[in-house]
Amino acid sequence: MKKLGFGFMRLPVTNGEFGNVDKETVCQMVDYFIEKGFQYFDTAWFYHNGNSEAALRDCLVRRHKRSAYVLADKLPLVIIQREEELEKYFKKQLSRCGVKYFDYYLIHDMGGDRREIAERLHVFDFMKRKKEEGLVKQIGFSFHDTADVLDEILTQHPEVDFVQIQLNYLDWESEVIQSRRCYETAKLHGKPVIVMEPVKGGTLACLPDEAESLLRACDPDRSIASWAVRFAAGLNNVMMVLSGMSSMEQMRDNISYMDKFVPLTEEEIAATQKAADVINSSITIPCTGCSYCLHKCPADIAIPKYFSLYNMDMQESSVKTWTAQTVMYGHIAEQAGKAGDCVECGQCEEMCPQHLPVREWLKKVADQFEGVL
């Protein structure tokens, strides 16, 4: 397979509502993706407020032959409480996607306390049975934790076929995300890697001027996002790079350089690391906008949107008393909970793949915006 996968996590939407997938546009994107010889599609129970699997069914499965695509889905472990629920959710996912089997099936987010839950509910045994039954071709798990934890899991469960990790040039040397160390751990265990967040939720598509200049000096014609995807795809143990494409424009750009893929040169890799240093110094809250936190927030706070506004506000002049971000914050707060409504339950932090201190950042967001509304 070509190394670019279509992630159904950041699809185009209508009316700005995350759960309202623009299926007409997605159908066009799916058709173009397959027409150009790409096959890999990735979805999950939670994506787009639970509507991603159905969108994939309507835009892909009902419109293309099963042999034309490869499909990955994920067991939503975080909402499963009893072992007998594993079968129930698996069947529901087959139905929601409209297929008889999954090519790749993952335990969703084997980080934090999910590891203990997986062992208690015998999830790995369940996954093996599905593979033996022919309902899954390859089994694995997505992972947001440290390399030491990954090493322990792969040592205990050599039966898995692959792992999916967050990997990009910004997180390559991160002490929190540990992209490089996790990649090297998977490689040591002989497990191919599927990459998620190669562009870090769009962060690596729109860089500070200094960082962009570093990349443009090497190649002025390539898109900024292409550097991130090519960095990940150029690693020899990476089998697939997922991109959550939100428009046909993004898809055309990705395909333009992934159709006949050429890895970054050593000089270009060095440029990405210099750019990473610049980016890290300019980002206040390293949120990727995955929206996992929204599933658990009892106050319905628009956490990713507020964090994005806060980052933009921090990059503007400190002498400004009014910014466009303040106005946007007020508009969003009319439809959702404000940052100051946080009850500090901590459920958002349990869900956050980036391990952010969400509650503390929400206090800073409230201080920044709510006093001037």
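Values in this document were obtained by computation on a predicted structure and should not be read as measured data. Quick note: residue numbers are just sequence positions, from 1.
- For Tyr105 and Phe90, the gap between ring centers is short of 6.0 Å.
- Connection of Leu86 to Tyr101 is not established within any shared hydrophobic cluster, with ILVMFWY side chains joined at heavy-atom distances below 4.5 Å, either directly or through further cluster members.
- Note that CE of Met29 and NZ of Lys23 are 15.5 Å apart. Values are rounded to the nearest 0.5 Å.
- The local environment of CD in Glu83 is crowded, with over 12 non-hydrogen atoms from other residues, nucleotides or ligands closer than 6.0 Å.
- Gly98 and Val61 get closest at one heavy-atom pair: O-CG1, 3.2 Å.
- Ring orientation note: the planes of Trp172 and Tyr183 are tilted relative to one another, at an angle of 30° to 60°.
- Ionic pairing of Glu84 and Lys88 is not present here: no N-O contact between side-chain nitrogen and carboxylate oxygen is shorter than 4.0 angstrom.
- Interatomic distance, Tyr169 OH to Phe231 CZ, rounded to the nearest 0.5 Å: 9.5 Å.
- Hydrophobic clustering, defined by side-chain heavy atoms of Ile, Leu, Val, Met, Phe, Trp and Tyr closer than 4.5 Å, groups Met1 together with Tyr40, Val70, Tyr104, Leu106, Phe162, Ile194, Met239, Met240, Leu242.
- Counting non-hydrogen atoms of neighbouring residues, nucleotides and ligands closer than 6.0 angstrom, the CD atom of Glu133 exceeds 12 such neighbours.
- Side-chain contacts under 4.5 Å among hydrophobic residues (ILVMFWY), followed directly or transitively, place Val343 with no other residue at all.
- Scanning both residues, Leu71 and Cys97, for their nearest heavy atoms gives CD2-CB, 4.3 Å.
- Taking every heavy atom of both residues into account, Asp73 and Gln93 meet most closely at OD1-NE2, 3.2 Å.
- Classification of Asp259 and Lys36 as a salt-bridged pair fails, no side-chain N sitting under 4.0 Å from a carboxylate O.
- Considering CG of Asp367 and CG of Leu362, their distance stands at 11.0 Å, rounded to 0.5 Å.
- Within the hydrophobic cluster formed by Ile, Leu, Val, Met, Phe, Trp and Tyr side chains joined at under 4.5 Å, directly or through other members, Leu188 stands alone, with no partner residue.
- Residues in residues 154-163 take part in these salt bridge (charged side-chain N to carboxylate O under 4.0 Å, His left out) pairs, two or more places apart or across chains: Lys131-Asp161.
- A donor-acceptor distance shorter than 3.5 angstrom exists from the side chain of Glu370 to the backbone of Ala339, with no hydrogens or angles considered.
- In plain terms, the two heavy atoms of Asp253 and Ser223 that are nearest each other are OD2-OG, 2.7 Å.
- Taking 4.0 Å as the cut-off between side-chain N and carboxylate O, Asp277 and Lys274 do not count as a salt-bridged pair.
- His48 contributes a side-chain N or O that, together with a main-chain N or O of Met9, makes up a donor-acceptor pair within less than 3.5 Å.
- Under the 4.5 Å side-chain heavy-atom criterion for grouping Ile, Leu, Val, Met, Phe, Trp and Tyr, Ile139 is connected to Phe126 within one hydrophobic cluster.
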Please lay out, stage by stage, how Gln273 and Glu173 fare under the test side chain to side chain donor-acceptor pair (under 3.5 Å). CA-CA 9 Å; Gln273 297 311 294; Glu173 298 294 349; over 6 Å; no
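- Formation of a donor-acceptor pair under 3.5 Å by the Asn51 side chain with backbone atoms of Gly19 is found in this model.
- Between the side chain of Asn168 and the backbone N or O of Leu170, at least one donor-acceptor pair lies under 3.5 Å.
- Residue pairs satisfying the salt bridge (charged side-chain N to carboxylate O under 4.0 Å, His left out) criterion with at least one member in residues 25-35, sequence neighbours excluded, are listed as follows: Asp31-Arg63.
- Partners of Glu119 by salt bridge (Lys or Arg N to Asp or Glu O under 4.0 Å), not counting sequence neighbours: none found.
- Ser226 approaches Tyr257 most closely through the heavy-atom pair CB-CE2, 3.2 Å.
- Remark: Glu249 CD is loosely packed, at most 12 non-hydrogen atoms of other residues, nucleotides or ligands lying under 6.0 Å away.
- Residues passing the side chain to side chain donor-acceptor pair (under 3.5 Å) test with Glu360, sequence neighbours excluded: Lys363.
- Distance check, rounded to the nearest 0.5 Å: CG of Leu356 to CH2 of Trp361 gives 9.0 Å.
- Listed by chain and residue number, nothing satisfies the side chain to side chain donor-acceptor pair (under 3.5 Å) test with Gln39 (two or more places apart in sequence, or in another chain).
- Transitive grouping of hydrophobic side chains (ILVMFWY, heavy atoms separated by less than 4.5 Å) brings Leu121 and Val136 into a common cluster.
- Under the side chain to side chain donor-acceptor pair (under 3.5 Å) criterion, the residue pairs touching residues 185-197 are Arg10-Glu197, Asp151-His189, Lys187-Asn236, with sequence neighbours excluded.
- Remark: the Tyr292 side chain and the His144 side chain contain no N/O donor-acceptor pair separated by less than 3.5 Å.
- For NZ of Lys305, the number of neighbouring non-hydrogen atoms (other residues, nucleotides, ligands) closer than 6.0 Å is 12 at most.
- Taking the side chain to side chain donor-acceptor pair (under 3.5 Å) definition, one finds that Gln156 meets it with nothing, sequence neighbours left out.
- Sorted by first and then second residue, the salt bridge (charged side-chain N to carboxylate O under 4.0 Å, His left out) pairs with a member in residues 95-105 read Glu53-Arg96, Arg66-Asp103, Asp103-Lys137; sequence neighbours excluded.
- Remark: the backbone N or O of Val238 is paired with a side-chain donor or acceptor of Lys3 at under 3.5 angstrom.
- Here salt bridge (charged side-chain N to carboxylate O under 4.0 Å, His left out) pairs that include residues 282-304, with residues two or more places apart or in two chains, number zero.
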Run the ring-ring contact (aromatic ring centres under 6.0 Å, His included) test on Tyr306 and Phe369 for me, step by step, so that the C-alpha distance in whole Å, both residues' side-chain angles and the decisive distance to 0.1 Å come before the verdict. CA-CA 9 Å; Tyr306 291 161; Phe369 293 118; 7.8 Å; no
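- With Ser52 contributing its side chain and Phe46 its backbone, the two residues share no donor-acceptor pair below 3.5 Å.
- The backbone N or O of Gly346 sits nowhere less than 3.5 Å from a side-chain atom of Glu349 that would complete a donor-acceptor pair.
- Using a 3.5 Å distance cut-off with no hydrogens or angles, the side chains of Gln368 and Tyr329 do not pair a donor with an acceptor.
- Annotation: side chain of Ile117 is not in contact with side chain of Ile80 (no heavy-atom distance under 4.5 Å).
- Using modelled atom types, one side-chain atom of Arg230 and one backbone atom of Val262 make a donor-acceptor pair closer than 3.5 Å.
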Begin from the C-alpha positions of Leu167 and Cys182 and carry the test side chain to side chain contact (heavy atoms under 4.5 Å, CB included) through to its verdict. CA-CA 9 Å; Leu167 190 157; Cys182 287; over 6 Å; no
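- At least one donor-acceptor pair under 3.5 Å links the side chain of Gln178 to the backbone N or O of Ala147.
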